[in-house]
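A short worksheet on the structure shown next.
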Amino acid sequence: MARHALDPTSEIYRLRHSLAHVLAQAVLEIRPNAKLGFGPPIEHGFYYDFDLEAPLTPEDFPDLEKRMRRIINSGQTFEREEVGAEEMSTRLEESRQSYKVEQVQDLAAQGEALTLYRNGPFWDLCEGPHVLNTKEIPGNCFALDTLAGAYWKGSEQNTMLQRVYGLAFESKLELRDFQEKRRLALERDHRKLNTQQHYFVIEEEVGKGLPLWMPNGTVIRDELEKLAKEWEFLGGYQRVATPHITKENLYHTSGHLPYYADSMFPPMEVDGEKLYLKPMNCPHHHMIYKAVPRSYRDLPVRFAEYGTCYRYEQSGELAGLLRVRALTMNDAHIYCTPEQVKEEFIRVMRLHIDYYNLFGLQNFWMRLSLAEEDTTKFVDDPEVWPQAEALVMEAMDEVEIPYEAVRGEAAFYGPKIDFQVSNVVGREETASTNQLDLVMAGRFELTYKGAVGQDHTPMIIHRAPLGTHERFCAFLIEHYGGAFPTWLAPVQVRIIPVAPTFSEYAHQLRGELHRDFLRIEVDDSHDSFGKKIRNGATAKIPNLLIVGGEEQSNQAVTWQRYGSKARETVAFTEFQSRILEENRNRADWRNV
RNA sequence: GCUGGCAUAGCUCAACUGGUAGAGCGGCUGAUUUGUAAUCAGCAGGUUACGGGUUCGAGUCCCCUUGCCAGCUCCA
């Protein structure tokens with residue numbers, strides 16, 4: 001799957017790139033002292049970073065857009081010019097573009113030939129390409145979108161510039177289309193749906209990033225846990241349970257304190273000891289492994305736990321359920337021999353695929369995160385890394401799922417495979433992470449006895465196919481748009497009597513299905529029948545049962561699915577067996 | 001954490017350039033007893049996020065705090 005592959009030779013690339021220059025020109029008209037940062041084309045348009053004495057506000061957009069159109073209509077020609085590094089620096093210094101001067105130094109160090117593009121009064125250090133003339137840009141194909149801060153060269157150490165985002169497409173129609181799609185996608189945002197469905201609540205009194213799970217959200221958590229427990233049981237996992245706080249020393253052993261301390265809550269002091277809230281479950285599982293002598297005959301050992309962890313995320317990174325400070329992971333650690341590790345890794349990959357098929361997720365891809373030379377972020381062991389990376393890549397090839405490799409994003413103890421999904425607004429999220437870890441076993445002195453009695457170090461796989469409850473539930477809410485399949489729905493069946501006379505019959509059915517462990521309710525309100533139908537639909541309940549005189553006399557129900565006008569009247573016992581089977585099979589009624 | 005924006009009833013939103021806070025939905029009460037997307041009526045809900053300032057007067061202007069949103073950085 002080609003991702004974010006912006007093709008510099010394409011029409012739209014030149015269009016967006018040129019619009020970035022036009023924007024910069026317009027900004028310089030109203031802010032002559034603005035210093036320019038970067039201004040590239042991006043997925044849905046372009047942006048340009050500015051260092052401004054007074055910040056722009058959204059109120060400036062209409063004026064800027066007007067100026068941009070005027071520039072476009074004036075028919076400026078884009079001219080390319082090759083300029084030596086020294087000459088380029090001089091010219092940029094003359095126009096007091098200090099960021100660009102810095103950029104010239106970086107580029108010159110790499111020995112690149114430098115080019116600039118000039119259109120009208122504006123010129124910019126830039127490698128192009130651009131349209132030939134601004135007249136090629138349809139005046140109504142773009143719109144300034146949002147303002148944001150962005151660090152110069154993307155580093156927190158640098159000054160923050162102001163970034164202006166613009167949308168741009170080849171035609172007005174495509175622009176409108178995108179804006180409409182985005183508006184619709186926003187309707188599926190889990191935070192938006194949450195105001196209607198009440199899955200969770202984050203209260204200021206409790207703390208930011210600390211969600212409280214309401215009954216509806218807890219149903220989804222519980223059902224996911226049931227699923228995981230069943231499949232992990234079948235996969236040969238054993239369940240374990242571990243505490244939320246732990247003595248400091250365990251995290252020195254694991255290496256979390258040097259490498260991960262920024263993401264941990266500060267410790268609490270008790271009886272002269274420091275205790276930390278756990279940011280990960282692995283050290284505890286390693287201790288369980290270590291508590292009993294292990295033989296090669298025992299391996300692989302697979303410990304699974306839905307473990308709750310606490311991570312100190314920076315406040316600005318928190319977002320609904322997608323980024324929180326208290327999270328419960330679908331965690332497990334697999335301890336195995338070098339001979340077993342590839343097979344185990346492949347089984348983990350296959351488990352992912354099974355889950356994703358169950359949820360009907362097609363739009364996902366894998367990202368392989370590898371270490372880089374910067375050893376401050378990674379456990380430094382030159383022998384172990386290439387070995388681990390090669391092993392992972394072999395396994396990935398074997399399951400035949402395409403992946404993209406990224407340097408420098410590994411976990412500090414090993415290469416990482418992330419399953420990336422894209423949420424409804426197109427933002428990429430990591431749904432789950434898996435790691436091959438050739439480091440921890442050594443640090444924890446984990447061993448197993450080999451066939452001839454000598455000690456060996458096991459290999460460890462960290463895996464969390466369902467990620468965390470928080471992120472996965474958020475993702476599922478958006479994926480299903482709040483209309484869950486029967487097995488996940490907070491209310492699975494609602495019975496609507498056409499008149500109060502049939503309420504007793506409705507309750508009789510409710511009692512029976514309740515004993516079958518279905519989440520079921522009767523709409524006893526004083527609303528009109530039409531209103532009850534409407535309420536059932538807006539509540540996105542997957543199954544509505546309508547009962548009246550006809551149904552009662554035949555011991556039947558009229559069954560209607562969410563989002564469908566179709567309905568069928570069936571014997572109650574038939575409904576009962578069909579809905580129970582659907583629930584048991586975790587089938588999605590959209591596919592039935 | 002950083003940059004910018006936002007904050008009015010449970011939800012969605014009103015209140016012209018400062019002149020004593022309103023509606024719909026939802027909730028409650030009563031009437032209505034309904035066969036596929038809103039039955040009718042009445043009632044109750046707000047120290048306009050918190051604290052301070054300017055003013056005869058602040059939801060509206062200014063400052064602070066908190067929270068939320070977008071993006072950056074970071075990440076499951």
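Naming: A, B, ... by sequence-line order, numbering from 1 per chain. Everything numeric in this text was worked out from a predicted model, so none of it was measured.
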*In whole angstrom, what separates A:Arg325's CZ from B:C74's P?*
17 Å
*Option passing side-chain contact (heavy atoms from CB on, under 4.5 Å) with A:Leu321 (candidates A:Tyr199, A:Trp213, A:Phe475)*: A:Trp213
_When you measure from the side-chain N and O atoms of A:Arg323 to the phosphate of B:A76, is any distance below 4.0 Å, counting only OP1 and OP2?_
no
*Send over the distance from A:Gln197 CD to B:C11 C1', rounded to a whole Å.*
13 Å
*asked:* Keeping A:Asn554 on the side-chain end and A:Glu551 on the backbone end, is there a donor-acceptor pair under 3.5 Å?
replied: no
*Between P of B:C13 and NZ of A:Lys192, the distance in whole Å*: 7 Å
*In whole Å, what is the span from the CD atom of A:Glu317 to the C1' atom of B:A76?*
13 Å
*Span that lies between the C1' atom of B:G22 and that of B:U33, in whole angstrom*: 34 Å
*State whether a side-chain donor-acceptor pair under 3.5 Å links A:Asp524 with A:Ser503.*
yes
*B:U66 to B:U54 separation - C1' atoms, rounded to the nearest Å*: 23 Å
*asked:* Using a heavy-atom cut-off of 4.0 Å across all strands, would you classify A:Lys532 as base, sugar-phosphate, or nothing?
replied: nothing
*So, does the side chain of A:Tyr151 form a donor-acceptor pair with the base of B:G71 at under 3.5 Å?*
no
*Is A:Thr468 touching bases, backbone alone, or none of the nucleic acid, heavy atoms closer than 4.0 Å?*
base
*Tell me whether the centres of the aromatic rings in A:Phe38 and A:Tyr48 are closer together than 6.0 Å.*
no
_Separation of the C1' atoms in B:G71 and B:U65, to the nearest angstrom_ = 23 Å
*If the P atom of B:C11 is compared with that of B:U47, how far apart are they to the nearest Å?*
14 Å
*Does B:G45 sit syn or anti, given that only angles within 90° of 0 count as syn?*
syn
*Round to a whole Å and report the spacing from OH of A:Tyr199 to C1' of B:C11.*
16 Å
*RNA chain B: A:Ser432 or A:Pro55, which has the more 5' nearest nucleotide?*
A:Pro55
*Once you round it to whole Å, what is the distance between C1' of B:G4 and CG of A:Asp51?*
14 Å
_Using a heavy-atom cut-off of 4.0 Å across all strands, would you classify A:Thr430 as base, sugar-phosphate, or nothing?_
sugar-phosphate
*Answer yes if the ring centres of A:Phe303 and A:His333 are under 6.0 angstrom apart, and no otherwise.*
no
*Counting a pair only when it is Watson-Crick or G-U and both distances are under 3.5 Å, which runs of at least 3 such pairs involve RNA chain B?*
B:1-7 with B:66-72, B:10-13 with B:22-25, B:27-31 with B:39-43, B:51-53 with B:61-63
*Could you work out the separation of B:A14 and B:C25 based on their C1' atoms and round it to a whole Å?*
14 Å
*When you get a sec, tell me which of B:A70, B:C68, B:A76 is the closest nucleotide to the side chain of A:Val324?*
B:A76
*Say you pick atom P in B:A15 and the same atom in B:A9; how far apart are they, in whole Å?*
15 Å
*Using the six-membered ring of A:Tyr47, assess whether NZ or CZ of A:Arg163 lies under 6.0 Å from its centre and within 45 degrees of the ring axis.*
yes
_A:Arg188 (side chain) donor-acceptor with A:Glu478 (main chain) under 3.5 angstrom_ = yes
*Are A:Tyr276 and A:His256 close enough that their ring centres sit under 6.0 Å apart?*
no
_Whether A:Asn434 side chain and A:Arg463 backbone form a donor-acceptor pair below 3.5 Å_ = no
*Please report, rounded to the nearest Å, how far the C1' atom of B:A70 is from the OH atom of A:Tyr47.*
15 Å
*From the list B:C72, B:A76, B:C11, which nucleotide is the closest neighbour of the side chain of A:Met160?*
B:C72
_Closest-nucleotide mapping onto RNA chain B: is A:Glu59 or A:Glu156 further toward the 5' terminus? I mean the 5' end._
A:Glu59
*Select base, sugar-phosphate, or nothing to describe what A:Phe472 touches, counting heavy atoms under 4.0 Å on all strands.*
nothing
*Heavy atoms under 4.0 Å is the rule here; annotate nucleotides 31-41 of chain B 5' to 3' with B where the base is hit, S where only the sugar-phosphate is, and - elsewhere.*
-BBBBBBBB--
*If we take the P atom in both B:G26 and B:G10, what is their distance in whole Å?*
16 Å
_Taking the side chain as everything from C-beta on, heavy atoms only, tell me whether A:Val164 gets closer than 4.5 Å to A:Phe50._
yes
_Taking the ring of A:Phe472 and the ring of A:Phe359, is the distance between their centroids below 6.0 Å?_
yes
_The side chain of A:Arg471 is closest to which nucleotide in this list: B:A76, B:G71, B:U73?_
B:A76
*Residues that A:Ala537 engages under side-chain contact (heavy atoms from CB on, under 4.5 Å), provided they are two or more places apart*: none
_From CG of A:Leu147 over to P of B:C72, roughly how many Å is that when rounded to an integer?_
14 Å
*Using the C1' atoms only, state how far B:U48 lies from B:C13, rounded to an integer number of Å.*
14 Å
*Looking at B:U66, B:G1, B:C75, which one has an atom nearest to any side-chain atom of A:Glu313?*
B:C75
